[in-house]
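The structure appears right after this line, and notes come after that.
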Amino acid sequence: MPKGLTFLPSLALTAMMALPLAAETQPDASTVVARVNGDEITLGHVIATVAVLPAQYQQAEDDVLFDFVLEQLIQQQLLGQQQDGLNKQNALTLDNEKRSLQAVQTVAALTETVVTDEAIQTAYDAQFNEFAGEDEFDASHILVETEEKAKALKAQLDDGADFAELARENSTGPSGPNGGALGWFGKGQMVPEFEGAVIALEKGQVSNPVQTQFGWHLVKLNDKRKTEAPELDAVRNELAQTIQQDAIQARIDELTQQAQIERPTLDGAGPEVMRQLDLIQE
């Protein structure tokens, strides 16, 4: 169930009957949708609750979801009315939640100001206008267990044998049935010994036997290219997140410089007691 909601067994309807409500032509957040012993539950309370429900609840039909949420709020109100106030732990939790929500509002306002299409385009240009690209390789290989076998196959290739055919007949690797083809890959995707052999090759050239942890390889470089800069839409969210994070950190740094922050050093009031729940329980 969503945080803050507890699915309770159906309570007696007579204990939660709301007073008849006057119809309003244009309801707003303050529109009363239920009264529980005089305490009002508004449309705003329902909307705010629905807004933070998990995705599986959002998929429910609107009339079903509205009734469900309102019922939960009524039941919570009934149970809450049995308390005069919050205990110490819950009051502190509420303080923390208020602090967090106020911080979120500040971040949202800041984000709206700094994360614009123009800012994203500027960030994209700065990062990719002079993008040179990185090397990518299209290679094939034949994997065998011994150096002697690899040397023998290399001799056949030097005499004009077809690489793909030898791979299908001899390679123990999973790419063997496909003629040894590995497709395109970039630096860091292969073990160092294999990558070094690929980098040293010219297009169409076959390496001498190369040993890796998997066995002995003959490597053929089929083609080589440079990666292209991604389209703006492909990195828009990433750029927006970076802009947001940088702006938030800059704002925090600015506020920190302006603020008077004190951190008293008190014996016995640090990490050694932060798990002692008894200190905040009544």
Side-chain angles (χ1 to χ4, degrees), residues 55-56 111 114-250:
Q56 63 265 32
T111 298
V114 301
V115 181
T116 63
D117 288 341
E118 293 79 7
I120 291 174
Q121 182 66 58
T122 299
Y124 177 85
D125 293 342
Q127 185 170 345
F128 295 109
N129 265 3
E130 298 181 4
F131 184 74
E134 297 181 354
D135 289 332
E136 284 189 323
F137 309 93
D138 178 9
S140 300
H141 79 138
I142 301 173
L143 176 63
V144 293
E145 294 182 357
T146 66
E147 183 179 14
E148 290 74 22
K149 178 68 171 178
K151 287 181 176 180
L153 293 173
K154 180 62 164 62
Q156 294 182 50
L157 291 169
D158 291 342
D159 288 338
D162 183 74
F163 190 96
E165 187 61 32
L166 286 184
R168 281 189 285 268
E169 294 174 354
N170 297 277
S171 183
T172 62
S175 65
N178 195 35
L182 297 170
W184 287 97
F185 57 90
K187 291 182 179 179
Q189 293 182 255
M190 299 295 180
V191 294
E193 301 88 348
F194 191 96
E195 179 180 292
V198 172
I199 292 174
L201 293 173
E202 298 294 334
K203 182 178 177 180
Q205 187 178 7
V206 178
S207 72
N208 289 318
V210 178
Q211 186 179 23
T212 72
Q213 65 198 72
F214 304 106
W216 289 88
H217 307 257
L218 294 174
V219 185
K220 180 181 179 181
L221 179 61
N222 301 315
D223 204 353
K224 181 178 179 180
R225 68 186 181 189
K226 291 286 188 180
T227 57
E228 297 181 354
E231 296 292 332
L232 174 59
D233 286 344
V235 293
R236 179 180 297 275
N237 290 340
E238 179 182 339
L239 292 172
Q241 186 175 36
T242 299
I243 294 169
Q244 180 193 50
Q245 290 174 343
D246 289 347
I248 293 170
Q249 189 58 56

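These values consider heavy atoms only, across backbone and side chains, with no hydrogens, waters or symmetry-generated copies. All of these numbers come straight from a predicted model, not from anything done at the bench.
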Check: With sequence neighbours left out, which residue pairs that include part of residues 220-244 fulfil the ring pair (Phe, Tyr, Trp, His ring centres under 6.0 Å) condition?
Finding: none
Notebook entry, point to check: Given Leu221 and Gln205, is the side chain to side chain contact (heavy atoms under 4.5 Å, CB included) satisfied, shown in steps?
Noted result: CA-CA 6 Å; Leu221 179 61; Gln205 187 178 7; 5.8 Å; no
Check: Who passes side-chain hydrogen bond (donor to acceptor under 3.5 Å, both in side chains) against Ser207, sequence neighbours left out?
Finding: none
Margin query: Taking side-chain hydrogen bond (donor to acceptor under 3.5 Å, both in side chains) as the definition, give me every residue that meets it alongside Asp233, ordered by chain and number, with sequence neighbours left out.
Written below: Arg236
Note to self: Going by salt bridge (charged side-chain N to carboxylate O under 4.0 Å, His left out), name the residues that satisfy it together with Asp159, two or more places apart in sequence or in a different chain.
What the structure shows: none
Notebook entry, point to check: Just wondering, do Leu218 and Pro209 contact through their side chains at under 4.5 Å, heavy atoms?
Noted result: yes
Next item on the list: Under the ring pair (Phe, Tyr, Trp, His ring centres under 6.0 Å) rule, collect the residues that match up with Phe185, sequence neighbours excluded.
Entry: none
Next item on the list: Supply the atom-to-atom distance Gln245 CD to Thr111 OG1, rounded to the nearest 0.5 angstrom.
Entry: 10.0 Å
Next item on the list: May I ask you to check whether over 12 heavy atoms, not counting those of Glu228, lie within 6.0 Å of atom CD?
Entry: no
Check: Shortest non-hydrogen contact from Leu166 to Leu153?
Finding: CD1-O, 3.9 Å
Notebook entry, point to check: Between Lys224 and Leu201, is any pair of side-chain heavy atoms under 4.5 Å apart?
Noted result: no
Checklist line | With Lys203 via salt bridge (charged side-chain N to carboxylate O under 4.0 Å, His left out) - residues at least two apart | finding: Asp223
Check: Got a salt bridge between Lys226 and Asp135, using NZ or NE/NH1/NH2 to carboxylate O under 4.0 Å?
Finding: yes
Notebook entry, point to check: Just wondering, more than 12 heavy atoms not from Glu134 lying within 6.0 Å of its CD?
Noted result: no
Note to self: side-chain hydrogen bond (donor to acceptor under 3.5 Å, both in side chains) for Gln241 and Asn237? Distances and angles first, verdict last.
What the structure shows: CA-CA 6 Å; Gln241 186 175 36; Asn237 290 340; over 6 Å; no
Notebook entry, point to check: Do you know which two heavy atoms are closest between Ala181 and Ser175, and how far apart they sit?
Noted result: O-CB, 3.5 Å
Item checked: Shortest non-hydrogen contact between Ala197 and Val210, atoms and distance -> CB-CG2, 3.6 Å
Item checked: Any pair counted as ring pair (Phe, Tyr, Trp, His ring centres under 6.0 Å), so long as it reaches residues 144-168, sequence neighbours left out -> none
Checklist line | Any side-chain donor near an acceptor of the partner, Asp117 and Gln121, under 3.5 Å | finding: no
Quiz: residues 142-152 side-chain donor-acceptor pairs under 3.5 angstrom, not counting sequence neighbours:
from: Thr146; atom 1: OG1; to: Lys149; atom 2: N; distance (Å): 3.1
from: Lys149; atom 1: NZ; to: Asn170; atom 2: OD1; distance (Å): 3.1

Margin query: Could you report the tightest heavy-atom contact between Pro230 and Tyr124, atom names first, then the distance?
Written below: O-OH, 2.6 Å
Notebook entry, point to check: Where do Ala167 and Gly180 come nearest, in terms of heavy atoms and distance?
Noted result: CB-N, 3.7 Å
Item checked: Partners meeting side-chain hydrogen bond (donor to acceptor under 3.5 Å, both in side chains) with Thr212 (sequence neighbours left out) -> His217
Next item on the list: Kindly indicate, with the supporting measurements, whether the criterion side chain to side chain contact (heavy atoms under 4.5 Å, CB included) is fulfilled by Arg225 and Asp138.
Entry: CA-CA 9 Å; Arg225 68 186 181 189; Asp138 178 9; over 6 Å; no
Margin query: Once salt bridge (charged side-chain N to carboxylate O under 4.0 Å, His left out) is applied, do any residues pair with Lys154, and if so which ones, sequence neighbours excluded?
Written below: Asp158
Identify every side-chain donor-acceptor pair in residues 188-195 under 3.5 Å, counting partners at least two apart or on other chains, and give the distances.
from: Gln189; atom 1: OE1; to: Gly186; atom 2: N; distance (Å): 2.5
from: Glu195; atom 1: OE1; to: Gly188; atom 2: N; distance (Å): 2.5

Check: What are the two closest heavy atoms between Ile120 and Ala240, and how far apart are they?
Finding: CD1-CB, 4.1 Å
Next item on the list: Taking atom CD of Glu130 as the centre, report whether more than 12 heavy atoms of other residues, nucleotides or ligands fall under 6.0 Å from it.
Entry: no
Notebook entry, point to check: Partners of Phe137 by ring pair (Phe, Tyr, Trp, His ring centres under 6.0 Å), sequence neighbours excluded?
Noted result: none
Notebook entry, point to check: Heavy-atom distance under 4.5 Å between the side chains of Leu239 and Leu232, does that happen here?
Noted result: yes
